[in-house]
Amino acid sequence: FWFTWWFVSLCIGLLVALIYIAFTYQLKQLKFKSDTSQKITYAEKKMVELELKALRSQMNPHFIFNTLNSIQHYIAINDFRSTNKYIVQFATLIRTILHLSEKSLITIQEEIDILTMYMDLEKMRFEEQFDYKIEVSKEIDKDYDEIPSMLLQPYVENAIWHGLMSKKGKGLIKIGIREEGEYIYCSVEDNGIGREKAAEIKAKRNIQQKSVGMSVTKERLDLIGNNDFNVETIDLYNDNGEAIGTKMLIRIQYKT
């Protein structure tokens, strides 16, 4: 019976209701923490506010709407196995985001897990139009070393949407994490169309919105590192000067 349309529709309805309840509760918790923490410093209060914004941006309605559209598509073509798989992956991702949003720092393995779940969902939704690769250097202890929560997903989302979706042929996202001195460096690289071409497409389609998640993440990093040199955008070109992608380099002040 779990492959029938009525059961799948019921699951989707319950999933949406649970997401709304859990998300609303988590936002209230973070807002309460921000409003009632009178003894913390301005920087700590600002960080709580930015974490609240990060959660809002990561749980953006466009992603949820597109995901539910994909589930509806699988129902329409009677592919209930893919529907159930998608629902389980989506529910797991949302639960993990809400759980990790309670922490200011998470392990690198936790960050990798959430990025893997997110990219697997997007791969399924875009019918395997891209692959991804995650490389962590040997000096990193994935189960011990920590970085701020909800950090890299906005850059991965930007790479998929603006770098790869207008690309002809298979896309690739490479995520690298390494330690150097007192910093952890994270890179998000795509083999897409490049920033200039992406800007042209946005202009033609009259797309005005900017990535809130990326701007919030940069603000959090600037606050942690006490400077504004923590995010670098690198345009990639081949020998003929043609754009072959974009690389974001994120520098995080390392804390043991």
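Keep in mind that this is a model prediction, so the values were computed, not measured.
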Hey, mind stepping through Glu189 and Leu236 against side chain to side chain contact (heavy atoms under 4.5 Å, CB included) and telling me if it holds? CA-CA 9 Å; Glu189 179 180 337; Leu236 305 176; 3.5 Å; yes

TODO: Apply side chain to side chain contact (heavy atoms under 4.5 Å, CB included) to Val231 and Tyr155, showing your working.
DONE: CA-CA 11 Å; Val231 179; Tyr155 296 102; 3.6 Å; yes

* Asked: Passes side chain to side chain contact (heavy atoms under 4.5 Å, CB included), Gln109 versus Val136? Steps please.
  -> CA-CA 10 Å; Gln109 184 60 59; Val136 182; over 6 Å; no

Determine, stepwise, if the pair Ile112 / Thr107 fulfils side chain to side chain contact (heavy atoms under 4.5 Å, CB included).
CA-CA 9 Å; Ile112 290 172; Thr107 66; over 6 Å; no

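Using a 4.5 Å heavy-atom threshold, the side chains of Val156 and Asp190 count as separate. Taking 4.5 Å as the limit, every side-chain heavy atom of Ile114 sits out of range of all side-chain heavy atoms of Ile106. For the pair Gln129/Lys167, no side-chain contact is recorded, criterion being any heavy-atom separation below 4.5 Å from C-beta on. At least one side-chain heavy atom of Ile160 sits under 4.5 Å from a side-chain heavy atom of Ile173. For the pair Tyr183/Ile252, no side-chain contact is recorded, criterion being any heavy-atom separation below 4.5 Å from C-beta on. By the 4.5 Å heavy-atom criterion applied to side chains, Phe130 and Leu172 are not counted as neighbours. Side-chain contact check for Asp113 versus Leu115: every heavy-atom pair is 4.5 Å or farther apart. At least one side-chain heavy atom of Met119 sits under 4.5 Å from a side-chain heavy atom of Ile175.
Taking CZ of Arg178 as the reference point, atom CD of Glu135 lies at 12.5 Å (rounded to 0.5 Å). Here CG of Leu152 is found 10.5 Å from CE of Met248. Values are rounded to the nearest 0.5 Å. Atoms CD1 and NZ, from Ile134 and Lys142 in turn, are 9.0 Å apart once rounded to the nearest 0.5 Å.
In the displayed structure, Glu196 atom CD is contacted under 6.0 Å by at most 12 heavy atoms of other residues, nucleotides or ligands. Annotation: Lys85, atom NZ; neighbour count of heavy atoms from other residues, nucleotides and ligands within 6.0 Å does not exceed 12.
Side-chain contact check for Tyr118 and Glu122: at least one donor-acceptor pair (N or O, by modelled atom type) lies under 3.5 Å. Donor-acceptor pairing under 3.5 Å is recorded for the side chains of Tyr132 and Asp120.
Residues passing the salt bridge (Lys or Arg N to Asp or Glu O under 4.0 Å) test with Lys197 are Glu200, sequence neighbours excluded. Under the rule for a side-chain hydrogen bond (donor to acceptor under 3.5 Å, both in side chains), Tyr185 has no partner lying at least two apart in sequence or in another chain. By the salt bridge (Lys or Arg N to Asp or Glu O under 4.0 Å) test, Glu139 is found to be paired with no residue, residues two or more places apart in sequence or in another chain being considered.
Side-chain N or O atoms of Glu111 include none that pairs as donor or acceptor with a backbone N or O of Ile147 at under 3.5 Å. At least one donor-acceptor pair closer than 3.5 Å links the side chain of Asn238 to the backbone N or O of Asn240. For Asp145 (side chain) and Asp141 (main-chain N/O), a donor-acceptor pair under 3.5 Å exists by modelled atom type.
In the hydrophobic clustering of this structure, Tyr237 does not group with Ile193; members are Ile, Leu, Val, Met, Phe, Trp, Tyr whose side-chain heavy atoms approach within less than 4.5 Å, directly or through other members. Clustering ILVMFWY residues whenever any of their side-chain heavy atoms sit less than 4.5 angstrom apart, transitively, puts Ile234 in a cluster other than the one holding Ile250. Connection of Phe90 to Val88 is not established within any shared hydrophobic cluster, with ILVMFWY side chains joined at heavy-atom distances below 4.5 Å, either directly or through further cluster members. In terms of hydrophobic clustering, with Ile, Leu, Val, Met, Phe, Trp and Tyr side chains grouped at heavy-atom distances under 4.5 Å, Ile244 and Ile201 are assigned to different clusters.
Between Gly194 and Ala243, the shortest heavy-atom distance links the atoms CA-CB, 4.3 Å. Contact detail for Ser187 and Leu249: the closest heavy-atom pair is CB-CD1, 4.1 Å. The two residues Val188 and Ala159 make their nearest non-hydrogen contact at CG1-CB, 4.4 Å. In plain terms, the two heavy atoms of Pro148 and Leu105 that are nearest each other are N-CD2, 3.7 Å.
Between Asp131 and Lys123 a salt bridge is recorded (basic side-chain N to carboxylate O distance below 4.0 Å).
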